[in-house]
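Letters A, B, ... are given to chains in the order of the sequence lines, protein chains preceding strands, and every chain is numbered from 1.
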Amino acid sequence: MSIGKYIPSKIEPKWQKRWEESNLYSTDLSKPNKYYVLAEFTYPSGDLHMGHWFTFSGADIFARYKRLNSFNVFFPNGFDAFGLPAENAAIKRGIHPQDWTLANIERMKQQFATMGASFSFDHEVITCLPEYYKWNQWIFLQMLKRGLAYKGKYLSNWCSKCQTVLANEAVEAGACWRCGTEVVQKEIDQWFFKITEYADRLIWPEKPDVDWPKSLRDAQNIWIGRSAGALVKFDGLEVFTTRPDTLFGATFVVVSPEHPLLKQLTEANEQQKVEDYVAAAKKKSELERKENKDKSGVFTGSFVKNPMTGEEIPVWVADYVLPGYGTGAIMAVPAHDQRDFEFAKKFGLEIKQVIKAGGPAALTQAYEGDGVLINSGEYDGLSIEEAKKVITDFLASKRIGSQMIYYHLHDWSISRQRYWGTPIPVIYCEKCGTVPVPEEDLPVKLPYDVDYAPSGKPPLATNEDWLNVKCPKCGGEAKRDAETMDTFVDSSWYFFRYLDPKFDIAPFDKELAQKIMPVDIYFGGAEHNLGHTLYSRFFTKIFHDLGLTDIEEYALRRINHGIVLGPDGQKMSKSRGNVVNPDEEVKKYGADAVRIHMAFFMPYEGSSGPWISERVWGPYRFLERVWNLFDKVTGDQPQAKDLLMMNRAIKKVGQDIEGIRFNTAVAALMEWLNYLSGREKVSREEYKTFLQLLAPFAPHMTEELWEMMGEKYSIHEQPWPKFEEKHLEEEEATVAVSVNGKVRDQLVIGKDIASDSKVVENKAKESQKVQKFLEGKEIKKVVYIPVKIINFVTD
RNA sequence: GCCGCGGUGGUGGAAUGGUAUACACGAAGGACUUAAAAUCCUUUGGCCUUUGGUCUUGUGGGUUCGAGUCCCACCCGCGGCACCA
């Protein structure tokens with residue numbers, strides 16, 4: 001029996017077609033034993049890139065493995081189709097954003113098909129379709145009803161080129177992450193989601209019920225940044241402090257250059273200096289201000305009274321105090337805060353110690369721990385924790401302070417002055433004011449004909465027919481809200497919509513969600529640690545509170561995947577010219593080889609590594625050898641050693657896929673193949689098992705060989721091989737013999753005597769190589785770790 | 001500056017505190033071939049007096065019978081950020 005040459009291009013399209021025609025991967029959600037595999041859906045930018053391949057091929061390996069382990073796997077895919085790039089590209093090329101986006105989706109779906117992934121594509125979600133964004137609007141209205149959506153003014157990051165507000169996450173080095181234009185601060189009217197009301201519930205507990213990376217949880221907790229402290233009045237000036245216990249050590253006050261009371265506080269003779277300073281601070285980009293290590297600042301000329309000591313202390317203005325946090329003013333305690341300390345030293349301000357630490361710690365180190373108060377009048381001797389409470393109570397009783405909790409997290413601004421997004425379902429009537437669009441009128445469809453080029457007014461306002469409506473309340477003249485929602489709204493709940501993308505009674509079917517949610521495993525990038533994954537958790541809790549679902553966390557396990565770098569080890573980018581196109585790799589090596597290299601060339605989770613195209617020949621040759629092994633298959637029975645190798649591979653590959661260690665799973669298959677290749681003949685059982693273990697990684701080739709073996713379609717529906725413990729036991733054991741920790745010899749002994757330390761010790765002593773190092777020495781100790789190593793310790 | 005992750009051959013990378021360098025790439029040599037490619041086989045961490053020995057996981061200490069792995073200090077790289085009062 002002789003097999004032809006392995007030619008991926010002859011195999012792959014054929015099976016992709018067959019799988020689709022036979023609905024091999026469609027999921028019947030009514031069946032039991034569900035397993036929901038989710039990978040962050042794709043922005044339809046035009047072409048699938050290596051990052052998409054890495055994410056989805058890994059997720060697909062996992063999905064296939066679970067399916068073979070008799071889970072009813074749900075592995076949907078879709079497109080995060082609203083967003084700025086569509087609009088920018090459209091403006092640049094004169095194509096309508098909708099046409100551009102839908103064409104890209106078609107193209108990318110074809111590219112996805114070449115991957116041979118086992119998507120449940122009959123559950124596709126595309127966020128720019130009215131059947132999806134209708135429910136963004138519905139959710140908005142529910143939030144509006146409950147006061148969770150509100151309109152406010154806000155000092156926002158503003159990109160003058162994109163004519164739009166940017167989220168904090170979208171500002172890179174003080175510039176717009178899309179176009180690079182410097183971001184300025186501008187006060188804007190916009191809609192907010194009140195995520196701060198959920199701040200406490202979004203904080204991760206020490207030991208959560210779900211398996212999310214600790215680094216992600218820590219990052220989110222820090223981002224939420226709950227700090228409990230006190231609001232304290234220094235005369236009319238309010239400051240926020242987390243350390244009211246150090247109030248006696250507050251020797252000056254610092255306000256931010258943006259502080260509204262700064263003008264009032266500035267004395268006439270200092271006015272010029274202060275104005276110059278404020279002007280200089282405003283010129284600094286946010287990044288410069290952050291990285292500025294030299295403290296700068298000027299005296300305002302005025303004084304306020306320390307409410308505890310009654311002393312008049314100076315008020316300074318400095319840009320190390322930020323306007324966006326607390327009250328934009330601080331009390332400085334230079335003895336116990338590093339920044340205040342540096343500032344005081346530079347400008348010769350008073351430093352007064354009020355906490356005494358146990359040891360001879362530097363002043364500022366007395367900040368934390370088990371210190372007690374000194375120089376604090378009647379509070380001397382109190383512990384830090386006691387003092388915080390007692391002093392805050394005292395301030396409250398005198399109405400010059402109160403307990404206060406601040407969060408770093410601020411409410412989520414969702415309004416965008418853009419075209420390509422979900423219209424905000426609100427109508428403004430001169431008589432009735434802000435009127436929500438009635439639910440029965442949803443969706444508010446995005447009009448096709450607008451002038452979407454940036455002009456300073458929202459693109460939707462350029463379509464008068466759409467803009468002007470009758471007020472739903474009074475029937476009078478009214479106008480729609482012409483802004484659209486942040487696209488993070490779309491991606492905050494798409495995994496619920498996947499369950500039934502056509503469901504038209506609610507965003508999703510509660511009963512179905514009860515069955516299928518939460519997501520069992522969610523593959524995505526660490527760049528979404530603070531944005532998307534946090535917003536999704538927020539939405540899930542809102543759905544919970546709306547009675548739409550019982551769950552509070554939407555994914556049981558989160559995998560942060562690695563990053564595929566260019567061959568030069570740098571991030572792939574057009575400007576660097578190091579972008580590798582996956583289509584070309586597939587053309588050269590076939591999808592199966594590319595998939596295996598993806599799995600093999602670096603750890604999947606949290607890593608980053610260079611894609612060096614020539615190296616895909618390795619996995620390609622590996623597949624070729626598997627292919628050619630077909631000719632060696634006979635009806636013989638495998639021997640004990642053969643069974644050992646096979647069962648080892650079954651165990652290792654399964655455990656490694658489960659643990660998202662695809663690289664070592666592939667290595668285990670290579671090792672087994674090396675063993676099989678060294679033999680004259682290979683049993684049918686071994687070869688079949690090999691194909692089954694390889695199937696999640698190389699679905700096309702294994703399907704082809706499976707068919708050539710005369711097995712029934714499809715290999716992707718066979719139960720995953722089970723290993724048997726009895727075959728994993730070796731008759732002979734190898735024990736390393738070491739003297740003083742250095743290995744000197746190997747001992748091959750029968751399994752039956754390996755547990756007897758005395759026997760092993762005597763055997764070990766017989767070794768000439770070992771004797772050489774024991775000669776003339778006294779053995780002080782013998783340590784035997786069964787079936788691994790025996791160590792002689794000498795003097 | 002703070003937080004997180006990492007530093008292992010020429011390269012990508014393996015190693016529940018128990019034989020460091022699995023697996024692969026690259027390289028060298030050989031077989032086959034008129035020749036080349038492909039394929040197959042062998043070798044491949046450094047050093048030395050080479051059937052052996054010795055050193056080696058960023059640097060310096062420590063714990064341990066035994067450390068790439070645990071602890072302390074430092075250096076370097078990558079990612080993230082909030083001078084957060």
Side-chain angles (χ1 to χ4, degrees), chain A residues 5 168-169 213-216 218-219 221-223 225-227 229-230 232 239-243 246 250 253-254 256 286-287 289-293 295 318-322 324-333 336-340 342-343 406-409 526-527 529-530 560 563 565 569 571 596-597 600-603 606-612 614-619 621-622 624-625 628 661 663-671 673-674 677-678 734-747 769 772 780-794:
Chain A
K5 208 169 142 54
N168 272 345
E169 295 91 3
K214 187 171 188 310
S215 57
L216 181 154
D218 288 348
N221 282 353
I222 291 167
W223 185 254
R226 181 186 202 274
S227 46
V232 185
V239 307
F240 174 65
T241 178
T242 54
R243 297 299 305 271
T246 62
V253 165
V254 187
S256 68
E286 202 170 316
L287 188 78
R289 203 159 146 178
K290 271 185 222 160
E291 288 188 345
N292 182 16
K293 280 161 203 162
K295 292 284 173 294
D319 64 8
Y320 80 94
V321 175
L322 300 176
Y325 189 80
T327 60
I330 62 155
M331 61 176 214
V333 185
H336 305 293
D337 180 278
Q338 189 64 34
R339 289 150 300 154
D340 299 345
E342 284 168 21
F343 194 83
Y406 269 105
Y407 296 93
H408 166 259
L409 183 74
E527 70 272 21
N529 281 0
L530 299 179
N560 276 358
I563 300 164
L565 305 173
K571 244 184 192 154
I596 288 180
H597 192 59
F600 181 63
F601 87 108
M602 69 169 176
S607 216
S608 67
W611 182 271
I612 301 164
E614 295 70 44
R615 291 203 177 172
V616 189
W617 285 121
R621 282 198 288 259
F622 164 69
E624 217 171 26
R625 290 172 64 208
N628 292 332
R661 294 181 297 269
N663 54 336
T664 51
V666 173
L669 285 169
M670 287 172 167
E671 262 175 279
L673 178 69
N674 287 343
S677 304
T734 307
V735 175
V737 185
S738 67
V739 180
N740 294 325
K742 287 198 169 139
V743 175
R744 299 301 176 182
D745 201 5
Q746 313 284 324
L747 217 55
K769 290 176 185 169
K772 217 162 87 181
K780 288 186 137 175
K781 194 173 174 182
V782 181
V783 181
Y784 178 52
I785 307 297
V787 210
K788 274 191 181 151
I789 194 165
I790 184 164
N791 189 23
F792 293 99
V793 186
T794 70

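- Between A:Glu671 and A:Ser607, the residue anchored closer to the 5' end of RNA chain B is A:Ser607, taking for each the nucleotide with the nearest heavy atom.
- Within 4.0 Å (heavy atoms only), A:Asn663 reaches sugar-phosphate atoms of the nucleic acid but no base atom.
- Its glycosidic angle being within 90° of 0, B:rU50 falls on the syn side.
- Atom OH in A:Tyr320 sits about 17 Å away from atom C1' in B:rC2, given to the nearest Å.
- Rounded to whole Å, the C1' atom of B:rU50 lies 38 Å from the corresponding atom of B:rG6.
- Nucleotides B:rA24 and B:rU42 are separated by 12 Å at their P atoms, to the nearest Å.
- A:Phe792 comes within 4.0 angstrom of no nucleic acid atom, judged by non-hydrogen atoms across all strands.
- Comparing B:rU19, B:rC81, B:rC65 against the side chain of A:Val783 picks out B:rC65 as the nearest.
- Each of A:Lys769 and A:Ser677 was assigned the nucleotide of RNA chain B with the nearest heavy atom; the assignment lying further toward the 5' end belongs to A:Ser677.
- B:rU69 sits 8 Å from B:rG58 when the P atoms are compared, rounded to a whole Å.
- Atom name C1', nucleotides B:rU57 and B:rU19: the rounded distance is 16 Å, in whole Å.
- Interatomic distance, CH2 of A:Trp223 versus CG of A:Leu216, reported as 13.0 Å (0.5 Å rounding).
- When Watson-Crick and G-U wobble pairs are counted only if both distances are under 3.5 Å, B:rA27 pairs with B:rU43.
- When all heavy atoms of A:Val254 and A:Ala332 are compared, the closest pair comes out as CG2-CB, 4.4 Å.
- Nucleotide B:rC23 holds its C1' atom 8 Å from the CG atom of A:Asn674, rounded to whole Å.
- Searching all strands for a Watson-Crick or G-U wobble partner of B:rC81 with both distances below 3.5 Å returns B:rG1.
- Between B:rA14 and B:rG7, the distance separating the two P atoms is 9 Å to the nearest Å.
- Using a 4.0 Å heavy-atom criterion, one finds that A:Arg744 contacts the sugar-phosphate atoms exclusively.
- Checking B:rU39, B:rC65, B:rG13 against the side-chain heavy atoms of A:Glu624 singles out B:rU39 as nearest.
- At the heavy-atom level, A:Arg625 lies under 4.0 Å from the strands shown only through sugar-phosphate atoms.
- The same atom, C1', is picked in B:rG4 and in B:rG9; the two are 29 Å apart, to the nearest Å.
- Judged by atom type and distance alone, A:Arg615 reaches the base of B:rU11 through a side-chain donor-acceptor pair under 3.5 Å.
- A glycosidic torsion no more than 90° from 0 defines the syn conformation; B:rG60 lies beyond that range and is anti.
- Backbone-only contact: A:Pro603 has heavy atoms under 4.0 Å from sugar-phosphate atoms and none from a base.
- With A:Asp340 contributing its side chain and A:Val333 its backbone, the two residues share a donor-acceptor pair below 3.5 Å.
- With rounding to whole Å, A:Trp617 atom CH2 is found 10 Å from B:rA38 atom C1'.
- No contact: A:Gly326 has no heavy atom under 4.0 Å from any strand.
- Distances shorter than 4.0 Å separate some side-chain N or O of A:Arg621 from OP1 or OP2 on B:rG26.
- Across every strand in view, B:rA35 sits unpaired, with no contact that passes the Watson-Crick or G-U test at under 3.5 angstrom.
- Put simply, CG on A:Leu673 is 14 Å from P on B:rU39, counting in whole angstrom units.
- As judged by a 4.0 angstrom heavy-atom cut-off over every strand, A:Thr327 is placed among residues making no nucleic acid contact.
- A heavy-atom distance below 4.5 Å is not found between the side chains of A:Lys742 and A:Asn740.
- Relative orientation of the A:Tyr320 and A:Phe343 rings is tilted, given thresholds of 30° and 60° on the angle between their planes.
- Nucleotide B:rA15 forms no Watson-Crick or G-U wobble pair with any nucleotide shown, as no partner meets the under 3.5 Å limit on both distances.
- Of the P atoms belonging to B:rG10 and B:rU63, the separation is 32 Å, rounded to the nearest Å.
- Each of B:rC65, B:rC23, B:rG80 was ranked by its minimum atom distance to the side chain of A:Leu530; first place goes to B:rG80.
- For B:rG80, neither phosphate oxygen OP1 nor OP2 lies less than 4.0 angstrom from any side-chain nitrogen or oxygen of A:Asn529.
- Closest approach of A:Val321 to A:Gly328, counting heavy atoms only: CG1-O, 3.5 Å.
- The CG atom of A:Asp319 sits 15 Å away from the C1' atom of B:rC84 (whole-angstrom rounding).
- Nucleotides B:rU33 and B:rA38, compared at atom C1', are 11 Å apart to the nearest Å.
- Contact annotation: A:Ser227 reaches the phosphate of B:rA85 (side-chain N/O to OP1 or OP2, under 4.0 Å).
- We find that CD1 of A:Ile789 is positioned 12 Å from P of B:rG66, with the value rounded to whole Å.
- Here A:Lys772 reaches the OP1 or OP2 of B:rG53: one of its side-chain N or O atoms lies under 4.0 Å away.
- Taken from CD1 in A:Ile596 to CE in A:Met670, the straight-line distance is 7.0 Å, to the nearest 0.5 Å.
- In this structure, CD of A:Glu527 is placed 15 Å from C1' of B:rC78, rounded to the nearest angstrom.
- Side-chain contact between A:Asn663 and A:Phe601 is absent, with no heavy-atom pair separated by less than 4.5 Å.
- Between A:Lys742 atom NZ and B:rA20 atom P there is a gap of 10 Å when expressed in whole angstrom units.
- A:Phe240 comes within 4.0 angstrom of a base, heavy atoms only.
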